[in-house]
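For reference, the structure is listed below as structure tokens.
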Amino acid sequence: MYVRVPLVVVLASTCGVLNSAACGQSRSMADTQEGPRTRLTVEELKTSGVLRDAPIDNLHLAPAGDSDVALHEMEGTLVVRESSMQASVPDSQLISLDQSHFPGFAVDFFTHEGHLVPTTRDIIRSSGDESHWSFILAPGRVWSEPDDAGRSRAALPFVLVADQFNEVHNGIVTFVFDDERVSSAYFQVTQETAAWNQIDFWGLLPLEYAPGEIKSRDSLIAAYTEELEQQIPVRPWSELETRYGAERVAGFDAGIDSLSISASGLVFDSVIYLQPCRTRHGTFPFCRHMRHAAFSITKPLGAALTLLRLAEKYGEEVFDLRIPDYVAVTAIHDGWEGVTFGDALNMATGVGDNAPERREPNVMHGDEDQPKFFSFLQAPSRKDKLEVCFSYADYPWGPGEIARYNSCNIFLLAAALDSLVRSREGPTADVWDLVVEEVLQPIGVRHAPIMRTIEPDGANGIPIFGYGLYPNVSDIARITRLLQNGGVHDGRQLLHAGKLAEALFRTPIRGLPTGESSQFGEITYHIAFDGMPYQTADGSSWHVPFGTGYGGVHVVLVPNGITTFRFADGNAYGIVSMIRVAEAIRGR
């Protein structure tokens, strides 16, 4: 399997805390601990400073003993100041001082029927200037335990994210509270999608609580209630084994170190079948809400999704619009003159530095593993990134002829798409907000955090689109279901049907060669999707669309309607074992 990636780099409201049988796999917390709590007691959480010399099993951040419903409600603002973190760093890695600081924030929360809900789930930048990290919050749980001195207890998941790289570090934070006060908060970060930066963080955070009425609370509760009602069911992998036989679904992650996998599973008949979300310190108790680094999966599920929406909205001709008509080109050559939106999405612009000769067979990867691309990653603003992109040379061939892997192509497309949307919708329009409103929210993806440029005037940046999406498994299920259904949702055509059929290799068009092959034949690239030929057990042929991300991330849209996915960072790649399991379940 080939790699074209940079080398640089819920318990439903009717379920009580104890009623795990009734909640089944819709539970968002790990099973209740047996016996009284021995770790993270009220006394421990009332202290300050370093609590322990290593992370503990995630089970200790879940309900313990005779747990019951929470005794208190929470509504108001939780405040965390930037604080130093304990870190366990492998000998082969180094971290900077700012990476060892937890980001600060002030975020409104409310409780509703046992859930602790933040009012924002977008990327939040640190409120101070010492931390390297931004973060994303997700809903958690509240409950009570008999030994907590009349207080209630809370836990919720979060991820640390960086401005430069599409990495995620998944963690959990927990504390006790009453109507007026909160304890210190213990947190630990024990899993990531970041092959170069595999570090545990943990510690105690001073936590402040300002009770108060939250603006639009009723509408927020209504939206969250609807979100719960529309959740895609999540079932354990063991149900597939029972239903189809363990031997038919074995080997799904063959050859992959299980600890490098954050989430792995498949979507079948509108159900997510999920293997345990493992960490270095036990199973992650909020698997549904765990966010993952998509890396280059952002190209098909972000950039291509956007262009497919605009093709449906404005007409198929958007694929033939020219980049220079929407972005001011500053390159010293005229290589960008005839480059279209479609060329950029295919990474066939005819512009680049590395491998300037034609090859037989063509090898697609060329520019992204070079030092200049690291400058692109570090460049913060739209202007800064465009300067790097326009510094690439002109290849001796024209656009549309040969593919060379470089996310700068996709970023230029992002800038052009942003300009197109502003020209059609008004100067304050935002291309990603349009996709969220017109595609993602209708299909149930209510929150879609994505990396953007950081503008010096504080204005909202543009999505990078070559990388930067932070999906959870429900997001993957919903987006790929839309793709598998031909871009139709509830009878509405959200994506351009013809171009989507091309992207999923449901037409004779196969795209450009990559120079890579599987045992079944040549892998090609078209409209940001890879395509791999595959021969089924009965001798039939498929052409399977898929995406690959740095470190071992895969999303595969098997032609029989099953979607498989794996978020991992062990630098092990391969999708054939995933397709074979999907074939064993449904066949053609």
Side-chain angles (χ1 to χ4, degrees), residues 55 58 61 77-87 95-109 116-141 154-175 182 184-194 197-209 262 277 279 284-295 380 446-454 458 460-461 463-464 467-472 475 567:
N58 285 321
L61 285 81
T77 306
L78 288 173
V79 180
V80 169
R81 312 294 178 184
E82 286 188 339
S83 305
S84 60
M85 302 186 287
Q86 293 294 102
I95 64 170
S96 58
L97 182 61
D98 60 348
Q99 286 182 295
S100 64
H101 278 77
F102 194 90
F105 66 81
V107 175
D108 290 342
F109 287 83
L116 177 62
V117 187
T119 57
T120 180
R121 284 184 253 174
D122 207 342
I123 300 170
I124 304 171
R125 304 199 69 196
S126 180
S127 58
D129 56 8
E130 292 186 303
S131 180
H132 172 83
W133 306 107
S134 298
F135 64 98
I136 306 170
L137 295 165
R141 294 292 303 167
L156 73 155
F158 67 92
V159 294
L160 300 179
V161 298
D163 290 338
Q164 300 84 10
F165 309 110
N166 186 199
E167 61 188 292
V168 303
H169 298 261
N170 275 281
I172 310 164
V173 62
T174 188
F175 56 91
V182 294
S184 296
Y186 174 78
F187 74 94
Q188 60 183 42
V189 178
T190 59
Q191 181 61 297
E192 64 285 307
T193 317
N197 202 13
Q198 300 182 351
I199 299 171
D200 288 337
F201 296 107
W202 71 97
L204 272 176
L205 299 170
L207 186 62
E208 304 169 25
Y209 176 43
S262 297
C277 290
T279 79
F284 196 78
F286 295 94
C287 206
R288 179 191 291 275
H289 292 297
M290 194 182 218
R291 291 204 174 270
H292 309 280
F295 295 109
R446 297 168 179 270
H447 310 278
I450 195 170
M451 291 182 73
R452 294 174 176 264
T453 59
I454 300 171
N460 204 21
I464 296 168
Y467 53 87
L469 199 60
Y470 298 106
N472 57 38
D475 298 339
F567 291 94

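Values below: every heavy atom of this structure, side chains too, minus hydrogens, waters and symmetry copies. No experiment lies behind these values; they were computed from the predicted model shown.
Side-chain polar atoms of Asn58 and Thr279 form a donor-acceptor pair below 3.5 angstrom. Using modelled atom types, one finds no donor on one side chain facing an acceptor on the other under 3.5 Å when comparing Asp98 with Ser131.
Among the candidates Phe105, Phe102, Phe284, Phe201, the single residue satisfying the ring pair (Phe, Tyr, Trp, His ring centres under 6.0 Å) test with Phe158 is Phe102.
Between Val168 and Ala293 the shortest heavy-atom distance is CG2-N, 3.5 Å. Nearest approach of Glu82 to Pro103, heavy atoms of both residues: CG-C, 4.1 Å. Nearest heavy-atom pair across Ser262 and Gln191 is OG-CG, 3.4 Å. When all heavy atoms of Phe286 and Gly140 are compared, the pair lying nearest together is CE2-CA, 3.8 Å. In terms of heavy atoms, Ile450 sits closest to Ile123 at O-CD1, 3.4 Å.
Not a single donor-acceptor pair under 3.5 Å links the side chain of Asn472 to the backbone N or O of His289. Panel note: side chain Asp122, backbone His447; no donor-acceptor pair is recorded below 3.5 Å. Of the possible polar contacts, none joining the Ser126 side chain to the Ser134 backbone as a donor-acceptor pair under 3.5 Å is found.
We find the CG-CG distance between Leu137 and Leu156 to be 6.0 Å, quoted to the nearest 0.5 Å. In this structure, CZ on Phe109 lies 9.5 Å from OG1 on Thr77, to the nearest 0.5 angstrom. Distance check: Leu61 CG to Arg141 CZ gives 15.0 Å after rounding to the nearest 0.5 Å. Rounded to the nearest 0.5 Å, atoms OH (Tyr470) and CG (Asn166) are 4.5 Å apart. Arg291 CZ to Asn170 CG: the interatomic distance, rounded to the nearest 0.5 Å, is 10.0 Å. Atom CG of Asp200 sits about 11.0 Å away from atom CE of Met85, to the nearest 0.5 Å.
Evaluation of the side-chain contact (heavy atoms from CB on, under 4.5 Å) rule for Ala162 yields His132, Trp133, Gln164, Glu167 as partners, not counting sequence neighbours.
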Note to self: Checking Arg81 against Glu208 for the side chain to side chain contact (heavy atoms under 4.5 Å, CB included) test, could you report, in this order, the C-alpha distance in whole Å, the side-chain angles of both residues, the deciding distance, and whether it holds?
What the structure shows: CA-CA 9 Å; Arg81 312 294 178 184; Glu208 304 169 25; 3.1 Å; yes
If you apply the rule side chain to side chain contact (heavy atoms under 4.5 Å, CB included), what do you find for Glu192 with Asn197, and how did you get there? CA-CA 8 Å; Glu192 64 285 307; Asn197 202 13; over 6 Å; no
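Between Asp163 and Pro380 the shortest side-chain heavy-atom distance does not fall below 4.5 Å.
The aromatic ring centroids of Tyr209 and Phe175 lie 6.0 Å or more from each other.
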